Amino acid sequence: MTDAPDPADSPAPDASNLEAARRAKLARLVELGVDPWGGRFDDRQFIGDVRARLGEVVYRLEDGTDIPLPDFANAPDDFNFRQWKADQGKGELVGPQVRAAGRIVLSRDKGKLQFIDIRDMTGDIQLMVGQKQVGDDWEIAQQLDLGDLIGVDGMLGVSNTGELSIFAARLHFLTKSIETPPEKHHGLSDPELRQRQRYLDLTYTEGVMPRFLDRTRIVASIRRTLAERNFVEVEGPTLHAIAGGAAARPFTTHHNALDIDLFLRIALELHLKRLLVGGVERVYELGRVYRNEGISPKHNPEFTMLEVYQAYGDYVAMMDLTEALVCDAIKARRAGGMSPLLTGATSDADNSSGSNKQGADAPRSPYLLPWGDATIDFTPPFQRKTYAELFAQHAGVDPDDEAAVAKLAKSLGIETAGRHPDVIKNDVFEEKVEDALVGPIFVTDYPASICPLTKRKRDNPAIAERFELFVEGMEIANAYTELNDPDLQEELFKSQLAGLSEEDSMAKMDHDFIRALRHGMPPAGGLGVGIDRLVMLLTNSQTIRDVILFPLLRPER
RNA sequence: GCUCCCUUAGCUCAAUUGGCAGAGCAACUGACUCUUAAUCAGUAGGUUCAUGGUUCGAGUCCAUGAGGGAGCACCA
């Protein structure tokens with residue numbers, strides 16, 4: 001038995017006696033002939049599914065009569081299950097045989113009986129491990145630490161206090177943890193630790209696993225909604241020779257064999273439009289883009305973007321699609337579902353944290369979602385208002401009155417000299433209007449000059465057929481009637497590039513994209529959705545880092 | 001890149017005006033076959049983020065640096 005950690009094995013020289021104690025137990029397991037790193041463990045059931053079998057547990061009298069269990073949840077405080085069983089007559093609890101596995105998150109050692117709570121992706125369940133009941137495996141039970149992974153075979157039953165439990169018949173040691181887990185009922189709270197050691201955050205911090213499972217459900221729902229409408233999912237290149245499709249600073253990299261500098265993509269747009277030209281009439285990509293910009297509660301340098309293009313559509317068609325994507329995602333998240341394994345305790349967690357949707361009275365609308373202290377009402381249809389309308393309403397100035405807009409801009413400290421009136425107007429819009437948009441609201445019909453990839457309104461070339469969806473001041477979606485006039489597109493690119501400094505003009509003219517348009521891109525609606533921000537809203541997360549598993553951090557030293 | 005705030009035991013947090021660095025959980029020893037933040041008795045655990053400085057004395061004050069957070073800037 002090795003009491004002290006082998007210096008070669010433990011990187012930290014001061015690795016406390018906490019690790020030594022765990023290594024001692026590990027060594028003891030080896031002595032017992034148990035592999036401390038486990039192996040394949042077939043036929044286990046998810047804990048959520050095991051818990052769902054509570055109804056199969058009965059009290060069986062000696063004459064074979066099965067009596068259903070009492071309703072513990074609604075029993076009086078002084079209810080005594082032991083007494084109840086005695087009152088029914090001589091008999092025993094009978095339940096299904098189950099096999100589960102998970103991480104030990106709590107244990108209460110009571111002499112020759114141990115209560116151990118294990119946790120898997122779907123929830124927690126209590127094990128009752130008695131010396132007499134598990135026989136030789138009792139020796140294994142003596143070597144268990146919080147954080148270890150174990151499997152169990154046993155009968156599903158209910159303890160005297162009404163707690164659903166697996167009455168262990170066999171224990172299977174699956175993996176030793178030689179690190180101490182976080183505090184057992186607070187989890188992690190230091191945001192740095194939560195992000196750097198997301199593996200701990202997921203298991204131990206309340207709400208984290210359900211939130212990331214919700215993210216998966218939302219993304220799956222989006223793909224399903226698009227598939228139902230015959231959109232084709234594709235994967236464009238992430239290494240671009242020209243980083244186009246948005247105005248953002250790209251990350252640069254280098255290909256050695258070709259000896260060329262490349263950029264990580266900042267948008268999906270230009271390749272998807274090439275596919276429209278190629279005849280992929282309904283196309284989308286849901287994937288990562290990279291922007292070499294600041295980090296904030298709403299920005300991570302890499303984030304997930306959805307872009308959708310529909311031939312022969314326009315921005316109004318995209319508005320309807322956006323509504324469907326959001327509303328379907330809300331329903332999918334609420335339903336749990338997607339896979340049976342995600343139905344169990346994850347939805348329990350939802351219930352315990354918020355309103356009990358099973359409540360008999362007044363079912364809450366599925367479209368009312370909490371957001372901090374507020375509630376967002378996603379009931380469709382979402383509001384639709386024009387940019388000009390909102391500008392007049394919130395800035396208190398006629399957007400067409402350039403002098404008045406400029407005056408207001410100056411009073412807000414916005415630079416006006418030598419800048420295009422529409423750019424000034426948009427600065428005012430961002431300053432005065434966006435924060436006031438509680439939403440969800442579609443802001444439509446933007447000034448054309450700030451929308452270089454957008455088709456103008458037929459009856460008013462100063463206005464672009466564009467909308468943005470705002471919720472709680474956050475921009476969630478951005479859509480256009482796509483510009484498909486190659487000559488105009490080229491001109492707009494040029495004038496856009498002309499205004500940029502050398503450093504900022506990494507976006508170069510994409511001649512092949514223009515060439516593609518010259519071959520004829522169908523008139524189309526196009527939509528971009530910031531998936532991370534959508535997930536933030538639907539999961540009541542105030543920072544993007546809570547919906548990205550591994551947000552960018554400086555490396556540890 | 002700028003401004004402000006935070007960093008104390010493995011985790012969650014205390015520490016009065018600058019005056020002996022503490023608690024809970026986790027760990028260790030012991031008791032307990034229906035506990036559930038189990039309980040009870042005992043033991044051990046610290047480079048107070050780092051490096052300098054002021055002081056008789058620094059977790060506390062000052063400077064610089066590191067990491068994190070919020071805001072700004074950036075971000076059609």
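Small disclaimer: the values here were computed from a predicted structure and weren't measured. Sequence lines set the chain letters: A, B, ... in the order given, protein chains first and strands last, and positions in each chain run from 1.
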Using Watson-Crick or G-U wobble geometry with both distances under 3.5 Å, which nucleotide pairs with G18(B)?
none
Are OP1 or OP2 of G68(B) and a side-chain N or O of Arg196(A) less than 4.0 angstrom apart?
yes
Using a 4.0 Å cut-off on heavy atoms, which residues in residues 294-303 of chain A reach RNA chain B? List them by number, or say none.
Gly294(A), Pro297(A), His299(A)
For nucleotides 39-44 of chain B, read 5' to 3', which letter fits each nucleotide if B means a protein heavy atom sits under 4.0 Å from the base, S means only the sugar-phosphate is that close, and - means neither?
------
Within the supplied structure, the quantity of interest is the number of heavy atoms (other residues, nucleotides, ligands) at a distance under 6.0 Å from Asp136(A) CG; does it exceed 12?
no
Base U12(B) paired with Ser189(A) side chain (donor-acceptor, <3.5 Å)
no
From the list C11(B), U35(B), A76(B), which nucleotide is the closest neighbour of the side chain of Ser159(A)?
U35(B)
Looking across every strand, which nucleic acid part, if any, lies under 4.0 Å from Arg194(A) by heavy atom: base, sugar-phosphate, or nothing?
nothing
Nearest of G24(B), U33(B), G69(B) to any side-chain atom of Glu183(A)?
G24(B)
Could you check which of A38(B), U33(B), G69(B) has an atom nearest any side-chain atom of Lys184(A)?
A38(B)
Identify the nucleotide, in any strand shown, that forms a Watson-Crick or G-U wobble pair with U43(B), with both distances under 3.5 Å; if there is none, say none.
A27(B)
G59(B) and C49(B): how far apart are their C1' atoms, nearest whole angstrom?
12 Å
Just call it for Leu193(A): base, sugar-phosphate, or nothing, with non-hydrogen atoms closer than 4.0 Å on any strand.
sugar-phosphate
C1' atom, C56(B) versus C20(B): distance in rounded Å?
16 Å
Distance between the C1' atoms of G68(B) and A58(B), in whole angstroms?
24 Å
If you check every side-chain atom of Glu192(A), which of U33(B), G68(B), A76(B) has the closest atom?
G68(B)
Tell which nucleotide pairs with G57(B), taking only Watson-Crick or G-U wobble pairs whose two distances are both under 3.5 angstrom.
none
Taking the C1' atom in each of A73(B) and G19(B), what is the distance between them to the nearest angstrom?
45 Å
Kindly say if Arg545(A) contacts the phosphate of A70(B), meaning a side-chain N or O under 4.0 Å from OP1 or OP2.
yes
Can you find a side chain N or O atom of Gln195(A) that sits less than 4.0 Å from OP1 or OP2 on G69(B)?
yes
Strictly under 6.0 Å, is that where the ring centroids of Phe263(A) and Tyr290(A) end up?
no
Would you find more than 12 non-hydrogen atoms of other residues, nucleotides or ligands less than 6.0 Å from Glu179(A) atom CD?
no
Measuring only the P atom in each nucleotide, how far is G42(B) from A50(B)? A whole number of Å is fine.
34 Å
Please confirm whether the backbone N or O of Ile140(A) pairs with a side-chain atom of Asp137(A), one donor and one acceptor, at under 3.5 Å?
no
Decide yes or no, distance alone: a donor-acceptor N/O pair under 3.5 angstrom between the base of U35(B) and the side-chain of Glu163(A).
no
Compare the minimum distances between each of G24(B), U35(B), G10(B) and the side chain of Gln126(A), then state the nucleotide with the smallest one.
U35(B)
Quick one: CZ on Arg51(A) to CD on Gln126(A), what's the gap to the nearest 0.5 Å?
9.5 Å
Among C28(B), C34(B), A76(B), the one nearest Lys110(A) by side-chain distance:
C34(B)
Taking any strand in view, what nucleotide pairs with U7(B) in a Watson-Crick or G-U wobble way, both distances under 3.5 Å?
A66(B)
Can you confirm whether Lys25(A) is buried at NZ, in the sense that more than 12 heavy atoms of other residues, nucleotides or ligands lie under 6.0 Å from that atom?
yes
Compute the centroid of each ring, for Tyr387(A) and then for Tyr446(A), and state whether the two points are separated by less than 6.0 Å.
yes
Would you sort out whether Gln143(A) and Arg22(A) count as a side-chain hydrogen bond (donor to acceptor under 3.5 Å, both in side chains), showing the intermediate values?
CA-CA 8 Å; Gln143(A) 313 312 323; Arg22(A) 285 166 179 266; over 6 Å; no
What's Tyr480(A) touching, base or sugar-phosphate or nothing? Going by heavy atoms closer than 4.0 Å.
base
On RNA chain B, check which nucleotide each of Gln131(A) and Thr543(A) is closest to and give me the residue with the more 5' one.
Gln131(A)
Partner nucleotide of C2(B) by Watson-Crick or wobble geometry (both distances under 3.5 Å):
G71(B)
Asp532(A) (side chain) donor-acceptor with Thr304(A) (main chain) under 3.5 angstrom:
yes
Please pick, from C75(B), G68(B), U35(B), the nucleotide with the shortest atom-to-atom distance to any side-chain atom of Glu293(A).
C75(B)
Arg554(A) side-chain N/O to G67(B) phosphate OP1/OP2 under 4.0 Å
yes
Test: Lys494(A) and Glu491(A) ion pair at under 4.0 Å:
no
Between Tyr59(A) (side chain) and Gly91(A) (backbone), is there a donor-acceptor pair under 3.5 Å?
yes
Which of these nucleotides, G69(B), C34(B), U12(B), is closest to any side-chain atom of Pro191(A)?
G69(B)
Parallel, tilted or perpendicular: which describes the rings of Phe513(A) and Phe493(A), with under 30° parallel and over 60° perpendicular?
tilted
Pick the P atom in C2(B) and in U64(B), then give their distance to the nearest Å.
12 Å
Pairs flagged by side chain to side chain donor-acceptor pair (under 3.5 Å) wherever residues 543-552 of chain A is involved - sequence neighbours left out
Arg194(A)-Asp546(A), Thr543(A)-Arg545(A)
Could you give the distance separating G22(B) and C34(B) at their C1' atoms, to the nearest angstrom?
36 Å
Phosphate oxygens OP1/OP2 of U35(B): is one of them under 4.0 Å from a side-chain N or O of Arg108(A)?
no
As its Watson-Crick or G-U partner within any shown strand, both distances under 3.5 Å, U35(B) has none
Mapping Leu553(A) and Lys25(A) to their closest nucleotides on RNA chain B, which lands nearer the 5' end?
Lys25(A)
Rounding to the closest angstrom, what is the interatomic distance between G18(B) and C62(B) at atom C1'?
13 Å
From C34(B), U33(B), A76(B), pick the nucleotide closest to the side chain of Ala247(A)?
A76(B)
